[in-house]
Number of protein chains: 2
Amino acid sequence: MTIQDVAVLSGLSICTVSRALRKLPNVSEKAQSRVAEAASKLGYKASAAASRLAGGNTGSVAIVAPTATSWFFSQAVEAAEEVLGDSGYDTVLISLRNKATVRKQFFADLENLAQRVDGLLLLNIDLDPGELEALEACGLAMASVGMRNVPWDNVGIDDEHAAWQATQHLLGLGHWNLAVLSSNEHSVVTETPRFRGFRRALDEHHLTVHPDLVVASGPGIDDGRRAMTELITRGTKPTAVFAHCDEAAFGALTALREYGLSVPKNVSVIGIDDHPMSWFLGLSTVAQPVADQGAFAANLLCERLLNNESPHQPSNHLLDTKLIERKTTRHKR
Amino acid sequence: MTIQDVAVLSGLSICTVSRALRKLPNVSEKAQSRVAEAASKLGYKASAAASRLAGGNTGSVAIVAPTATSWFFSQAVEAAEEVLGDSGYDTVLISLRNKATVRKQFFADLENLAQRVDGLLLLNIDLDPGELEALEACGLAMASVGMRNVPWDNVGIDDEHAAWQATQHLLGLGHWNLAVLSSNEHSVVTETPRFRGFRRALDEHHLTVHPDLVVASGPGIDDGRRAMTELITRGTKPTAVFAHCDEAAFGALTALREYGLSVPKNVSVIGIDDHPMSWFLGLSTVAQPVADQGAFAANLLCERLLNNESPHQPSNHLLDTKLIERKTTRHKR
DNA sequence: CTGAAAGCGCTTACAG
DNA sequence: CTGAAAGCGCTTACAG
């Protein structure tokens, strides 16, 4: 079935039908409703291929994630896929698989991708200048989750505040000897937002960050375990530790257990995320709304796709995070 | 850039170029290599839209999953996406979000989907007869993971054997008072393969399944916890429990802890899957290769897509599972 | 083995 | 507000 069938049934030209279907201006209400009726009677849906070829849209958008296997990305992706689907878009999934080669290839292929999709939803991709440039050059509509200083709509959380909430919780419990498992990207020159939040909370209590109590940790359980082990073998004795994410906190829990330290009796532990396993493990944490971030960003992208004529200021939306006290944090004795 | 550019550069007609690019027969080697050279020099890639419209392929395949958020599906999806990408296909993700309405809509829209993709990779979808029919009618190439008795290539594991391995492990440890957290789909009339494996292992030891020791459990942590709690409050005293999947086992672990029962001292616990958290929690389990299943099925689908002329017998590939002893199973005292 | 021509189903100026 | 015509970039018979 083609647009021709709809044209015949509605008694109008395919050209008018085409316009009516896409709700373009300059179509009489009468024509509009006749077309809508005919189309729905026929169950007609325009061929994506034909419409694309003729200069229209592809009807699909790509979601690009550093990896598709982490709980964070799989939830964000599913939520985004839902809103995209509701707006009639197919979701093409592109995982960079945490590999530099895959990533490089993605950016090299961007121009080709641009002819297959209408927009890009980027999830937590740390862009270097060349990549940013390639993205801007490809002409696709964009939106992102968890990115900073990008020239398109973004949604995320206030990482500094989340870290502040976690740290403040520990401080409020009477702890003052705090360790931090800080993300790998952290360094003396470029503090991560979460580290900044940690430090700010200490500042407010007139405490200073002790260098011996900050240790780098990747985002995985193993990473957290290794970091915590290093902390313990250093001989420093924090009474509480703030891990930059829940999985790192899980690892810290393991290391603590391995060294016979009891949580929360000897040491309190808190993370950020509210990973699905955190409830199960009783981990105190600061929850971030993952599905909401994906859905919100997808909505922004859809809006952008619908009226791409109107240039607008890129917006940055920060969703609320929330402290969740469970069993790994306790008042200092 | 279009096929015309390649034609000019190679000094051949677009028609020959088209054939050469798709490696169709009846193209001289000389033409073939000239075209290949010109195309690579230009970085040419055919427009998916045009090629689709002209009766060719869409260059994309859809992966359909009951949900995209579980570790199993996100791993299978990522692995499949990798092999599809390597074969030049875009992956469109469709999550049924565990919802009947979404599922219904998917099947209703199948005909439209069929014009947007070349093939379907189905992950663990339990088909009713009508759905199977719709799938066969849509004319797409197909392959699946974890499905039974389907008229297309499938890859999975031998569930009965995996359950047998887990149960046999418990039995080998001297346990004979075994409980089972069996999947919800299990009933007296339709035993699940995993339950069958459990029963067969008992049979081989001349043991019988005690009805009081089998309890239904969904696949989630909560489900497992509820099921284990029921078992405990029933007053039955198994010395070992086999959970049909790791997450249910996690829940069982929680319930056991809540009732002051120590694992593995009082009770041994084993699951199936080797969930990413199982290592962390020390759960004994029977590992199944998840990424491999996704990748394998994707490969079968690609093969099918390449030579769709040759009709072939649907194959069913069962990948190996492997017992992993960790800390939740121990010899009966 | 190769090429000229028609056509896939839309959209986009351009007239009216 | 509406329609006739051209064209998007390929593939597919059909000749040669």
Side-chain angles (χ1 to χ4, degrees), chain A residues 1-36 38-39 42-60 88 111-118 139 305-306 308-309, chain B residues 1-36 38-39 42-60 88 111-112 114-116 118 139 305-306 308-309:
Chain A
M1 165 193 355
T2 75
I3 197 173
Q4 181 67 47
D5 300 307
V6 183
V8 170
L9 184 60
S10 62
L12 292 159
S13 72
I14 60 168
C15 161
T16 300
V17 170
S18 173
R19 279 190 298 248
L21 254 17
R22 287 174 297 149
K23 306 197 189 308
L24 295 186
N26 295 338
V27 176
S28 67
E29 280 194 22
K30 202 168 131 204
Q32 175 70 55
S33 66
R34 277 218 309 244
V35 168
L42 260 30
Y44 170 79
K45 204 171 171 185
S47 149
S51 125
R52 165 56 181 154
L53 184 57
N57 301 318
T58 65
S60 52
E111 275 191 63
N112 279 320
L113 215 215
Q115 72 172 34
R116 287 175 280 147
V117 302
D118 297 334
L305 252 14
L306 287 182
N308 47 9
E309 63 274 5
Chain B
M1 165 195 353
T2 75
I3 197 173
Q4 181 67 47
D5 300 306
V6 183
V8 169
L9 185 59
S10 62
L12 293 159
S13 71
I14 61 168
C15 161
T16 301
V17 171
S18 173
R19 280 189 299 247
L21 253 18
R22 287 175 297 148
K23 306 196 187 307
L24 295 186
N26 295 337
V27 175
S28 67
E29 281 194 21
K30 201 168 132 206
Q32 175 70 53
S33 67
R34 278 219 307 244
V35 168
L42 260 30
Y44 171 78
K45 204 170 170 185
S47 149
S51 126
R52 166 56 180 154
L53 183 57
N57 301 318
T58 65
S60 52
E111 275 190 63
N112 278 319
Q115 71 172 34
R116 286 175 279 146
D118 298 334
L305 252 14
L306 286 182
N308 47 10
E309 63 273 7

Atom-pair distance ([atom1] on [X]; [atom2] on [N]), nearest Å:
| X | N | atom1 | atom2 | result |
| --- | --- | --- | --- | --- |
| B/M1 | D/dG9 | CE | P | 11 Å |
| B/Q4 | C/dG3 | CD | P | 12 Å |
| B/I3 | D/dT12 | CD1 | C1' | 12 Å |
| A/R19 | D/dC1 | CZ | P | 10 Å |
| A/I14 | C/dT12 | CD1 | P | 13 Å |
| A/L21 | C/dG9 | CG | P | 16 Å |

Atom of [X], atom of [Y] and distance for their closest heavy-atom approach:
| X | Y | value |
| --- | --- | --- |
| A/Y44 | A/V6 | CG-CG2, 3.6 Å |
| B/A114 | B/R52 | O-NH2, 4.1 Å |
| A/G59 | A/D118 | N-OD2, 2.9 Å |
| A/A48 | B/R116 | CB-CG, 4.2 Å |
| A/K30 | A/S33 | O-OG, 3.1 Å |

Taking [Y]'s backbone N and O only, do any of them form a donor-acceptor pair with [X]'s side chain (distance below 3.5 Å, no angle check)?
| X | Y | value |
| --- | --- | --- |
| A/T58 | A/Q115 | no |
| B/S51 | B/N57 | yes |
| B/S47 | B/T2 | no |
| A/R19 | A/L24 | no |

What's the closest nucleotide to the side chain of [X] if the choices are [options]?
| X | options | result |
| --- | --- | --- |
| A/C15 | C/dG3, C/dC10, C/dT12 | C/dT12 |
| B/L12 | C/dG3, C/dG9, D/dG3 | C/dG3 |
| B/A46 | D/dG3, D/dC10, C/dC10 | D/dC10 |

Query raised in the report: Under a 4.0 Å heavy-atom cut-off, which of residues 47-54 of chain A touch DNA chain D?
Result: A/L53, A/A54
**Report entry** Residues from residues 22-35 of chain B lying under 4.0 Å of DNA chain D - heavy atoms
**Finding:** B/R22
Query raised in the report: Does B/T16 make a side-chain N or O approach to OP1 or OP2 of C/dG3 shorter than 4.0 Å?
Result: yes
Query raised in the report: OP1, OP2 of C/dC10 versus side-chain N and O of A/S18: anything below 4.0 Å?
Result: no
Query raised in the report: Would you find more than 12 non-hydrogen atoms of other residues, nucleotides or ligands less than 6.0 Å from A/Q32 atom CD?
Result: yes
Report summary line: Result for side chain to side chain contact (heavy atoms under 4.5 Å, CB included) between A/V35 and one of A/L9, A/L21, A/V27 points to A/L21
Query raised in the report: Got a minute to check which stems DNA chain C is part of, using Watson-Crick or G-U wobble pairs under 3.5 Å, three or more consecutive?
Result: C:1-3 with D:14-16, C:5-12 with D:5-12, C:14-16 with D:1-3
Query raised in the report: Which residue, B/G11 or B/G55, contacts DNA chain C at a nucleotide closer to its 5' end, judged by nearest heavy atom?
Result: B/G11
